[in-house]
Amino acid sequence: MNPLAEKAGWLRLLVLAVFGVFVLRLLSLQIIFSSYYQLLAQRNRFQIFYRQAPRGLVLDRRGEPLANNIGVFNLYYNPLLVVDRSEQRLEKMARILGIPKTKLELEIGQVRALGRTRPVARQIAPEYAFRFFEQQERYPEFFLAPESLRYYPLEKAFSHVVGYLSRIQSYQDYERLKSKGYRLDSWLGSFGLEKKFEDYLRGSDGAVLVEVDARGRPIGTGAGEAQPRGVNPGLRLVQDPYPGNTIRLSVDRRLIEAAHQALMKSPTGVGSVVGFEPETGRVLVLTSTPGFDPNSYVSLTSTMTEVLGVEFSRAVTGLYPPGSVFKVFTSIAALEKGLDPTKKFHCNGKFVLPNRAFKCWKKEGHGAVDFLRGLTHSCDVYFYNAGLFAGGETIGFWALNSTLGSAMAIRDFPEWAKSGFIPTPDWKERKKKEGWYSGDTCNLSIGQGEVLATAVQLAALYAMVANRGILPELYMVDSVANAATGEVVWTGASRGKILKKAPAVSDGTWNLVEEGLRRVVEEGTATGARISGARIYGKTGTAQNPHGNDHALFACYLRDDTGRARIALAVIIEQGGHGGAAAVPVARLVLEEYLREMEEEKRAG
């Protein structure tokens with residue numbers, strides 16, 4: 001064979017082979033893997049960024065907002081867009097938007113590391129947003145997008161209940177949450193109601209596609225293209241954000257504001273107010289000071305962390321000696337055991353046992369005191385005698401079978417429950433291997449010694465007294481409803497469930513105790529709570545504090561003209577001194593606001 005012809009034949013085969021490979025590759029690209037490469041092309045053509053859905057509203061019993069949302073602008077940065085003089089442009093952008101350059105640099109550095117469009121500045125004020133829109137064409141790597149910002153109108157007043165939001169704090173948290181649709185820049189409930197009801201309050205995020213050219217520039221923002229100010233035609237909405245569910249609580253915003261303002265004006269500004277509706281167990285008011293402003297948390301950048309320790313709520317977790325507020329137990333224990341309420345004990349300012357003297361709060365004494373006078377004027381000597389008549393075991397029995405000495409929870413937040421403590425002879429023998437002495441009974445009789453209780457327990461106690469031994473389940477969340485349709489998806493209203501029921505107490509004892517509590521307000525240690533035309537029953541307390549000044553307490557309940565118990569209230573002012581001087585004025589302001597609301601309801605029909 002001619003060598004030249006042989007070489008030509010091999011060349012033809014080589015050409016055919018190369019052509020065959022080319023055809024197969026073309027078929028692969030155009031037919032077999034066409035959808036895959038189309039997807040890659042689409043990904044190169046578009047960048048996606050997400051718009052976090054507005055969280056569900058939190059409303060009070062009248063529909064007033066306790067947590068809602070306001071519209072803000074967030075600044076987004078596209079790291080794939082290559083621009084000249086990027087550092088100078090960053091500095092100019094910081095000046096336009098009034099943002100510290102170092103802060104913007106830090107955020108942009110993190111976005112560049114991710115390689116995806118992300119927000120680099122949040123909550124741009126309207127005046128700065130308008131300045132940006134005037135110059136937007138010069139800075140195609142940046143754009144503003146409207147989003148909703150969580151807002152808490154009561155600020156510190158309801159912070160321990162409503163809680164706060166935070167960004168996802170770590171990559172480990174993100175890995176745990178991403179299957180639920182969370183992203184690294186997502187906000188989520190981190191404390192209180194926001195955390196407890198995260199799944200209800202969190203909505204469904206929206207998505208927007210940013211169409212870009214081959215250099216990564218958003219289409220429609222190139223040089224020489226006239227566009228309406230503030231509008232980017234390269235933005236395409238692909239999914240609307242849907243808001244979270246609306247939660248309606250049993251609390252009353254006006255009562256919370258009145259209570260918080262009163263606490264701030266108290267002698268120390270540190271304390272708590274808790275109020276329930278005795279018939280239903282609905283929480284009407286719950287606040288404590290000092291609080292924190294949850295609005296500050298939604299202003300956190302991705303590099304900031306929360307301040308620890310602000311979550312301590314004195315209303316639900318603070319433990320205090322109840323002092324003379326406890327004397328209702330001593331009263332019931334002694335009267336039910338047969339103490340004659342007309343029997344008088346002489347008070348000269350102290351009560352002497354063989355090895356110890358116990359003082360009355362009134363140094364000069366109260367003179368001859370029977371039950372009603374003893375309760376009205378909170379005579380300690382009378383209650384030392386009444387307590388010794390009843391015995392420590394009996395007093396402990398009544399306390400432990402009411403709201404003290406065991407976890408007293410608000411149904412929606414069982415993790416808040418605190419047991420407090422009631423010492424008894426049996427406990428002392430088992431735990432301390434010691435006997436119970438008359439001095440122990442004297443301390444227990446006036447709510448001192450090792451007795452501890454929370455404001456929630458004391459408010460629940462006086463609700464129980466108002467109901468003559470019955471306490472309904474305590475709750476705060478009334479309902480959860482779909483934000484768009486209003487359809488109730490969950491109801492929390494209690495259906496008459498009884499949380500506590502005291503052992504049987506005679507009507508005569510209840511009548512005497514209630515009459516004594518009425519006189520406390522009308523002519524005794526709580527006259528500061530007396531309001532013309534109102535039927536208020538209560539008891540002051542001044543609890544000794546080994547760590548400082550005495551704590552001031554007041555617990556009470558109010559009946560309407562028909563005799564219905566409308567609200568039971570407990571006030572504690574930490575190191576506030578006398579209950580009548582520090583706690584009673586706070587309760588009075590709350591009760592006055594409640595009475596105003598009752599009058600408004602009556603006029604409205």
Side-chain angles (χ1 to χ4, degrees), residues 319-339 341 345 351 353 356 358 371 374-375 378-409 417-465 467-471 499-506 509-510 512-513 516-517 539 541-544 546 551 553 555 570:
L319 290 168
Y320 305 88
S324 294
V325 171
F326 183 88
K327 287 175 180 176
V328 291
F329 288 124
T330 310
S331 299
I332 292 171
L335 292 170
E336 284 298 289
K337 197 169 182 178
L339 177 66
F345 298 100
F351 179 74
L353 290 174
R356 185 178 175 185
F358 288 82
F371 171 74
L375 189 58
S378 198
C379 176
D380 292 329
V381 169
Y382 178 87
F383 280 93
Y384 295 144
N385 283 282
L388 289 171
F389 176 87
E393 195 70 49
T394 303
I395 299 171
F397 168 82
W398 286 103
L400 291 170
N401 279 279
S402 63
T403 67
L404 304 191
S406 60
M408 178 56 55
K418 288 285 185 178
S419 297
F421 187 68
I422 299 296
T424 63
D426 178 65
W427 163 82
K428 191 176 182 185
E429 185 176 340
R430 284 187 295 104
K431 295 296 183 180
K432 292 190 170 185
K433 309 300 180 185
E434 297 176 1
W436 182 270
Y437 301 105
S438 296
D440 295 319
T441 300
C442 288
N443 277 327
L444 180 60
S445 299
I446 62 168
Q448 288 287 170
E450 295 174 281
V451 183
L452 292 172
T454 67
V456 168
Q457 287 176 312
L458 296 179
L461 165 61
Y462 276 70
M464 198 171 185
V465 172
N467 291 334
R468 298 205 162 191
I470 295 176
L471 180 68
L499 182 64
K500 288 275 188 177
K501 187 172 183 179
V505 176
S506 67
T509 293
W510 284 125
L512 280 166
V513 170
L517 296 176
K539 185 72 192 74
T542 304
Q544 295 174 8
H551 301 308
L553 302 94

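Below, all heavy atoms of this structure are taken into account, side chains as well, without hydrogens, waters or symmetry copies. Residue indices begin at 1 and follow the sequence shown.
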Original post:
Can you name the closest pair of heavy atoms from L553 and H551 and give their distance?
Top reply: CD1-O, 3.7 Å
Original post:
If you measure from the Lys or Arg side-chain nitrogens to the Asp or Glu carboxylate oxygens, is any gap between K327 and D380 under 4.0 Å?
Top reply: yes
Subject >> Y384 and L353, any side-chain heavy atoms less than 4.5 Å apart >> reply: no
Original post:
Do E393 and T424 get their side chains close enough for a donor-acceptor pair, meaning under 3.5 Å?
Top reply: no
Subject >> Pairwise side-chain contact, T403 with M464, heavy-atom cut-off 4.5 Å (strictly under) >> reply: yes
Original post:
Okay, side chain of D440, backbone of W436: is any donor-acceptor separation there less than 3.5 Å?
Top reply: no
Subject >> Over 12 foreign heavy atoms within 6.0 Å of OH, Y437 >> reply: no
Original post:
Is any side-chain heavy atom of F383 closer than 4.5 Å to a side-chain heavy atom of S378?
Top reply: no
Original post:
How far apart are the closest heavy atoms of K337 and A390, and which atoms are they?
Top reply: NZ-O, 2.9 Å
Subject >> Side chain N385, main chain Y382, donor-acceptor under 3.5 Å >> reply: no
**OP:** Could you tell me whether a side-chain N or O of Q457 sits under 3.5 Å from a main-chain N or O of M408, the two making a donor and an acceptor?
**Re:** no
Original post:
Just by distance, with hydrogens left out, do T441 and S438 show a side-chain donor and acceptor under 3.5 Å apart?
Top reply: no
**OP:** Consider only side-chain N and O atoms of S406 and S419, and report whether a donor and an acceptor are under 3.5 Å apart.
**Re:** no
**OP:** Please determine if K432 and E450 form a salt bridge, counting it only when a charged side-chain N lies under 4.0 Å from a carboxylate O.
**Re:** yes
Original post:
Do any N or O atoms from the side chain of K428 and from the backbone of G435 form a donor-acceptor pair under 3.5 angstrom?
Top reply: yes
Original post:
With a 4.5 Å limit on heavy-atom distance, are the side chains of W427 and F421 in contact?
Top reply: yes
Original post:
For the residue pair L517 and L375, what are the closest heavy atoms and their distance?
Top reply: N-CD2, 4.0 Å
Subject >> Residue pair F326 / I422, side-chain heavy-atom distance below 4.5 Å >> reply: yes
Subject >> Exam field: side chain T394 to backbone A333, donor-acceptor pair closer than 3.5 Å >> reply: no
Original post:
Mind checking whether E336 and S506 have side chains closer than 4.5 Å, heavy atoms only?
Top reply: yes
**OP:** Report yes if some heavy atom in the side chain of I395 is under 4.5 Å from a heavy atom in the side chain of S445; otherwise report no.
**Re:** yes
